[in-house]
Amino acid sequence: MKTDLSRRLRIVNDLGLHARSAAKLAKLAGEADGGVWIVKNGNTADATSILDILALACPKGSEITVSIDDESDVDILDRIAVLVRSGFGE
């Protein structure tokens with residue numbers, strides 16, 4: 001059985017995906033062995049880059065897809081999904 005390597009998520013925190021939340025996401029993505037990517041409206045960002053994440057401009061309510069290149073990073077993907085769903089702890 002092939003592991004699902006992406007998660008569709010909605011930004012729920014009031015400030016959206018701003019600098020502090022992007023830093024938390026990038027730090028977590030940096031723990032992955034392979035690439036971690038965020039896609040919004042067809043634009044792709046390297047999830048380890050705070051500037052790339054901010055360039056996607058994700059206010060509250062935005063739909064994003066987070067994906068990984070390597071199946072061994074599925075735990076990181078799940079942790080990112082929890083982080084986003086929790087509103088980045090804000």
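Shown are I53, L51, D52; of these, the side chain to side chain contact (heavy atoms under 4.5 Å, CB included) with D46 is made only by D52. Applying the side chain to side chain contact (heavy atoms under 4.5 Å, CB included) test between I38 and each of L9, I80, L25 identifies L25 as the sole match.
Taking a 4.5 Å side-chain heavy-atom cut-off between Ile, Leu, Val, Met, Phe, Trp and Tyr, the cluster of L54 extends to I50.
Side-chain contact check for I11 versus C58: some heavy-atom pair is nearer than 4.5 Å. Contact check for V36 versus L77: no side-chain heavy atoms found under the 4.5 Å cut-off. Residues S6 and I68 have side chains not in contact (no heavy-atom distance under 4.5 Å, counting atoms from C-beta outward). The shortest distance between side-chain heavy atoms of V39 and I64 does not fall below 4.5 Å. Counting heavy atoms from C-beta outward, V12 and F88 have side chains that stay 4.5 Å or more apart. With contacts defined as side-chain heavy-atom distances shorter than 4.5 Å, the pair K60/R10 does not qualify.
The two residues L83 and S86 have their closest heavy-atom pair at O-OG, 2.8 Å. In terms of heavy atoms, S49 sits closest to A26 at N-CB, 4.4 Å. Nearest heavy-atom pair across A45 and L56 is CB-CD1, 3.6 Å.
Look at K40 and E63 and you find no salt bridge, because none of the NZ, NE, NH1 or NH2 atoms lies under 4.0 Å from a carboxylate O.
Formation of a donor-acceptor pair under 3.5 Å by the R7 side chain with backbone atoms of D4 is found in this model. Side chain of D73 to backbone of D33: a donor-acceptor contact under 3.5 angstrom is found.
Atoms CG and OG, on L17 and S62 in that order, are 8.0 Å from each other to the nearest 0.5 Å.
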* **Residues K27, T48; criterion side-chain contact (heavy atoms from CB on, under 4.5 Å); working and verdict** => CA-CA 7 Å; K27 183 176 184 222; T48 63; over 6 Å; no
